[in-house]
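Have a look at the structure below before the remarks.
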Amino acid sequence: MSDRILVALDVETRAEALRLADTLRGSVGGFKIGSRLFTAEGPSMVRAMTERGDRVFLDLKFHDIPNTVATAVAAAVGLGVWMVNVHASGGTAMMQAARDAARETAAKHNLTPPLVIAVTVLTSMSQKALHETGVPIDLLDQVLRLAELTRDAGLDGVVASPRETPAIRRRLGAEFAIVTPGIRGGAAAATKDDQERTMGPAEAVAAGASYLVVGRPIIAAKNPREAADAIADSLRSL
Ligand code: C5P
């Protein structure tokens, strides 16, 4: 069992997602629901999980005007989610609105506020793609700048690729949460799928990751629970 492992439920149906959650509960720390599953199955699927006591990371990457993001985060709190995210490039006011909505809505319902984290630069963006959007600086500098903006806005952490994690940890200190996908090799399956810059689970935690988002190495394994337990075992001494 490791609380650090968040399983990406990248499946098509509610039935598959709930079956995986039933299999993996007790071995992992939570489940990530992204825009695919959310769009297909809706908020009732999130509620079904939180009502069973599962920790849900609602990965919808809100990016809109502050009022709209605040109301979306408030709705997420109403679903009982444990972690929610926004785009840091939405700016300080937007991030503060998200943070305030999380705290205020949670207080109103007597709940623990969810962790609110931010995406800095999408890891699918290359240096060239970043330049095309009018941001002329080095990609890692932009990641660090947005991570600092995230911390200064009072958010809890960021999503970061394994390549960015050590620099963010050095710059932002021990308390800042870093959620790292792109986990391959080590105790996780080595098949890279479409991931390029990967790291093994123990290596990623040693590099500063607080949580690991793991999808296919667990959900596409013959025995998902064994796959999750093997990753958890590899993190035990860290
Ligand atoms: O199957 P795999 O382990 O590659 O799944 C990783 C999960 O993390 C997917 O849901 C993917 O969308 C997400 N993710 C990612 N890289 C990012 C941000 C999120 O792989 N930079």
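In listed order, ligands and their atoms are each counted from 1.
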ask   = So, does Arg184 use its side chain to make a donor-acceptor pair with the main chain of Thr191 at under 3.5 Å?
value = yes
note = For atom 6 (C) of ligand 1, the closest protein heavy atom turns out to be Gln195 NE2, 3.9 Å
query = Which residue and non-hydrogen atom of the protein lie closest to atom 10 (O) of ligand 1, and at what distance in Å?
reply = Asp10 OD2, 2.7 Å
query = Does Asp54 use its side chain to pair, donor to acceptor, with the backbone of Val56 at less than 3.5 Å?
reply = no
inquiry  = Strictly distance-based, threshold 3.5 Å: is any side-chain N or O of Glu196 a donor or acceptor partner for the main-chain N or O of Ser124?
reply    = no
ask   = Of the listed options (Asp59, Val213, Ile218, Val7), which comes nearest to atom 8 (O) of ligand 1 when hydrogens are ignored and any heavy atom counts?
value = Val213
query = Does CZ belonging to Arg169 count more than 12 external heavy atoms closer than 6.0 Å?
reply = yes
Residue of the set Trp82, Phe57, Phe176 for which ring pair (Phe, Tyr, Trp, His ring centres under 6.0 Å) holds with Tyr211 = Trp82
task = For Gly215, counting its heavy atoms only, list the atoms of ligand 1 lying under 4.0 Å from any of them.
result = 1 (O), 2 (P), 3 (O), 5 (O)
query = Under 3.5 Å, side chain of Glu226 to main-chain N/O of Asn223, donor-acceptor pair present?
reply = no
task = If you have a sec, work out which protein heavy atom is nearest atom 12 (O) of ligand 1 and how many Å separate them, to one decimal?
result = Lys32 NZ, 4.2 Å
task = Run the numbers for me: atoms of ligand 1, each under 4.0 Å from some heavy atom of Arg216, listed by number.
result = 1 (O), 2 (P), 3 (O), 4 (O)
Nitrogen or oxygen of Pro217 less than 3.5 angstrom from that of ligand 1 = no
query = Hey, is the main chain of Ala102 close enough, under 3.5 Å, to the side chain of Thr105 for a donor-acceptor pair?
reply = no
query = In terms of atom number and element, which parts of ligand 1 are under 4.0 angstrom from non-hydrogen atoms of Pro181?
reply = 8 (O), 14 (N), 15 (C), 16 (N), 17 (C), 18 (C), 19 (C), 20 (O), 21 (N)
inquiry  = Below 3.5 Å, N or O to N or O, backbone or side chain included: is there any such pair between Asp194 and ligand 1?
reply    = no
request  = Check each atom of ligand 1 against the heavy atoms of Arg184 and keep those under 4.0 Å away; list them by number with element.
outcome  = 1 (O), 2 (P), 3 (O), 4 (O)
ask   = Any luck finding a side-chain donor-acceptor pair between Ser44 and Arg14 under 3.5 Å?
value = yes
ask   = Can you list the ligand 1 atoms lying under 4.0 Å from a non-hydrogen atom of Ala8?
value = 7 (C), 10 (O)
request  = Find all atoms of ligand 1 within a distance of less than 4.0 Å from any non-hydrogen atom belonging to Thr123, and give their numbers and elements.
outcome  = 16 (N), 17 (C), 21 (N)
